Amino acid sequence: EAKSLGRQKVVLFDPSIDERHQLRLRYEAGLRKAIDNGELYVHFQPRFDIAGQRVVGAEALVRWQSEEYGPVPPSTFIPIAENSRLIVDIGHLVLKEACRQAARWAEAGYPVPVSVNLSPRQLHEGELIRDIQGAIQQADLPPQLLELEITETHLMDNVDQVLPVLHQIRAMGLGLAIDDFGTGYSSLTYLKRLPIEILKIDRSFITDVPGDVDDEVLVSAIISMSHSLNFRVVAEGVETEAQRAFLEGLGCDEVQGFLLGRPESAGKLLGKLRRCDATASP
Ligand code: C2E
Ligand code: MG
Ligand code: MG
Ligand code: MG
């Protein structure tokens, strides 16, 4: 019996699964080395007021320029890191760098909040709160200049576990945003209970507006609902002026996307803050 099962296994052996596993292990080892060698760094994407005039925040987005693989997108390596505790080290690195840069912008006269993506695993590791405290203290950053983003899917799958952590974060004076909204299945009951202030509409809903009536209705409904729950609404992935204008018409509060700014170095972002300031001055 055992023998035949063993043989069956060999027959069912799927090389593509094995290859994927091998690739994953290679990436994992490569990522470990990359962290140690300083191949990971952080870019910042500006978020604008709805008129697209003023930078009201910046999102920290991790980048990996690998010597071996070239640039590796976060959609590839974050899930790998998430599976291997490497995410805790990456999260630490991003948090520290984000706080350091936001403190510099504030020092230069531009106190805009920086937002940092939290991955599920970080939220469940005990060190998170200590990590945050360490990062803001070390950078001497006012806590209200740090915001944390958590995806809707993760929030809703783990509300009971995550909620106490969110309350702790808010009690420290940090901002909280729900990211990629619309891709999960939020219940209004839960949304009402969340101590968040910002809701970011997922890019997939913005792509086809104006024009796609279903998406237009959805975006409009999300904005109304958010406002009635006292959330500020940010639209992600705004690439065209038509999209921005449409969102402005619906009363959306802020926009983020390639139309107004791509992720860039902290230095370039500071340049943008200065230029916007000059333009906005009378
Ligand atoms: P996200 O948090 O929703 O970040 C927004 C993503 O949309 C970024 O992709 C950004 O470059 C992209 N984006 C912004 N505007 C536009 C646009 O107008 N058009 C298009 N096509 N894309 C736009 P990125 O940097 O590749 O990051 C992808 C995801 O990886 C992020 O989605 C986030 O979930 C995750 N991620 C990135 N950095 C970190 C990090 O430091 N920690 C964790 N845990 N996750 C991260
Ligand atoms: Mg985000
Ligand atoms: Mg998002
Ligand atoms: Mg995303």
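Every number for a ligand or one of its atoms is a count from 1 in the order of the listing. Keep in mind that this is a model prediction, so the values were computed, not measured.
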Q: Decide side chain to side chain donor-acceptor pair (under 3.5 Å) for N117 and E59; before the verdict, give the C-alpha distance in whole Å, the side-chain angles of both, and the deciding distance to 0.1 Å.
A: CA-CA 8 Å; N117 294 284; E59 177 170 8; 2.8 Å; yes
Q: Tell me whether the Mg ion (ligand 2) has T151 as a neighbour, meaning an N, O or S atom of it below 2.8 Å.
A: no
Q: Could you measure the distance from the CH2 atom of W105 to the CG atom of L145? Nearest 0.5 Å is fine.
A: 10.0 Å
Q: Taking NZ, NE, NH1 and NH2 as the nitrogens, is one of them in R104 or E107 under 4.0 Å from a carboxylate oxygen of the other?
A: no
Q: Could E241 and R244 be called an ion pair, given the rule that one side-chain N must be under 4.0 Å from one carboxylate O?
A: yes
Q: Between V238 and ligand 1, which residue portion shows a heavy-atom distance shorter than 4.0 Å: side chain, backbone, both, or neither?
A: backbone
Q: May I ask you to list the atoms of ligand 1 that are less than 4.0 angstrom from any heavy atom of P263?
A: 11 (O)
Q: Please enumerate all residues that pass side chain to side chain donor-acceptor pair (under 3.5 Å) together with E39, with sequence neighbours excluded.
A: W64
Q: Within a distance under 4.0 Å of any heavy atom of E239, pick out the atoms of ligand 1 and give their elements.
A: 17 (C), 18 (O), 19 (N), 20 (C), 21 (N)
Q: Give yes or no for whether the N/O distance cutoff of 3.5 Å, strictly under, is met between V94 and ligand 1.
A: no
Q: Any salt bridge linking E125 with R121? Criterion: basic side-chain nitrogen under 4.0 Å from a carboxylate oxygen.
A: yes
Q: Are the side chain of E152 and the backbone of T183 linked by a donor-acceptor contact shorter than 3.5 Å?
A: yes
Q: Just to check, does G237 reach to within less than 4.0 Å of ligand 1 when the distance is taken from its heavy atoms?
A: yes
Q: Between the Mg ion (ligand 2) and E149, which N, O or S atom of the residue is the nearest one?
A: OE1
Q: Could you tell me, atom by atom, which parts of ligand 1 come under 4.0 Å of a heavy atom of Q45?
A: 14 (C), 15 (N)
Q: Mind checking ring pair (Phe, Tyr, Trp, His ring centres under 6.0 Å) for Y190 and listing every partner two or more places apart, or none if nothing turns up?
A: none
Q: Decide, yes or no, whether a salt bridge links R47 with E254 under the criterion of side-chain N to carboxylate O below 4.0 Å.
A: yes
Q: Any link between V56 and F44 through a network of hydrophobic side chains (Ile, Leu, Val, Met, Phe, Trp, Tyr) touching at under 4.5 Å?
A: no
Q: Mind checking whether the Mg ion (ligand 2) has an N, O or S of E236 under 2.8 Å?
A: no
Q: Out of V255, N117, D202, T76, whose heavy atom is nearest to atom 45 (N) of ligand 1?
A: N117
Q: Taking the Mg ion (ligand 2) as the reference point, name the nearest N/O/S atom of E59.
A: OE2
Q: Under 4.0 Å, heavy-atom basis, I'd like to know which part of E59 is in contact with ligand 1: side chain, backbone, both or neither.
A: side chain
Q: Report the part of K200 (side chain from C-beta onward, or backbone N, CA, C, O) that has a heavy atom under 4.0 Å from ligand 1; answer both or neither where that applies.
A: neither
Q: When you measure from the Mg ion (ligand 2) to each N, O or S atom of D179, which atom gives the shortest distance?
A: OD2
Q: Any N/O/S atom of D180 sitting less than 2.8 Å from the Mg ion (ligand 3), backbone or side chain?
A: yes
Q: I want to know if ligand 1 touches P74 in the polar sense, i.e. an N/O pair below 3.5 angstrom.
A: no
Q: Quick one: look at D179 and ligand 1, take heavy-atom pairs under 4.0 Å, and tell me if it's side chain, backbone, both or neither.
A: side chain
Q: What I want to know is whether R63 and ligand 1 share at least one N or O pair that is separated by under 3.5 angstrom.
A: yes
Q: Any salt bridge between D131 and K96, counting N to O under 4.0 Å?
A: no
Q: As an exercise, state the distance from OG of S226 to CD1 of I178, rounded to the nearest 0.5 Å.
A: 9.0 Å
Q: What are the atoms of ligand 1, with element, lying closer than 4.0 Å to any heavy atom of G257?
A: 15 (N), 18 (O)
